[in-house]
Amino acid sequence: MACDFSTLATADTGDPEQLMLLIDQCTKLVTDPKLWFWALVLTIACGAVGAWIGKYKNAVVRDAILGAALGPIGWIISLFLPVAKPTPQCKVCRKPVELRDTYCRRCGAKQ
Ligand SMILES: [Zn+2]
């Protein structure tokens, strides 16, 4: 007995032993380490492609998360999202500053 849709559709609901056997088969299939290993590899690979797209959109983390979570759909969303504006930097110490800041919060230089 295999865990697939045709077996589930034709399962005899009046036979508890057969149903328990089917549940055992499906549980073994879902908890198979090989399945989780390849799911992890696929997630990392999709996140890497998303990060690569994000490199050109100035949003590596955003697009890596989109790619890892949604796969090719996340890549398409990343491609349609606008290019993120670069974070403004202090002219003196090169640390990120807020747009509304008049002075750098780290070195005190006027912006
Ligand atoms: Zn500064």
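In listed order, ligands and their atoms are each counted from 1.
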Those residues that, when tested against Arg106, pass side-chain hydrogen bond (donor to acceptor under 3.5 Å, both in side chains) (two or more places apart):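 Listed in chain order: nothing, the list is empty.
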Set of side-chain hydrogen bond (donor to acceptor under 3.5 Å, both in side chains) partners for Asp4, sequence neighbours left out: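 Expected list: Ser6, Thr7.
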Residue pair Lys57 / Arg62: nearest heavy atoms and the distance that separates them: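 Closest heavy-atom pair between Lys57 and Arg62: CB-NH2, 3.9 Å.
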Under 2.8 Å from the Zn ion (ligand 1), the protein N, O or S atoms, given as residue and atom: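 Less than 2.8 Å away from the Zn ion (ligand 1) sit Cys90 SG, Cys93 SG, Cys104 SG, Cys107 SG.
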Chi angles and distances behind the side chain to side chain contact (heavy atoms under 4.5 Å, CB included) call for Leu66, Leu81: CA-CA 11 Å; Leu66 274 173; Leu81 284 173; 3.8 Å; yes
Polar side-chain atom of Asn58 near backbone of Ala84 as donor-acceptor pair, under 3.5 Å: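 Yes, Asn58 side chain to Ala84 backbone: donor-acceptor pair under 3.5 Å.
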Residue pairs, two or more places apart or on separate chains, that pass ring pair (Phe, Tyr, Trp, His ring centres under 6.0 Å) and touch residues 47-102: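 Those involving residues 47-102 are Trp52-Tyr56.
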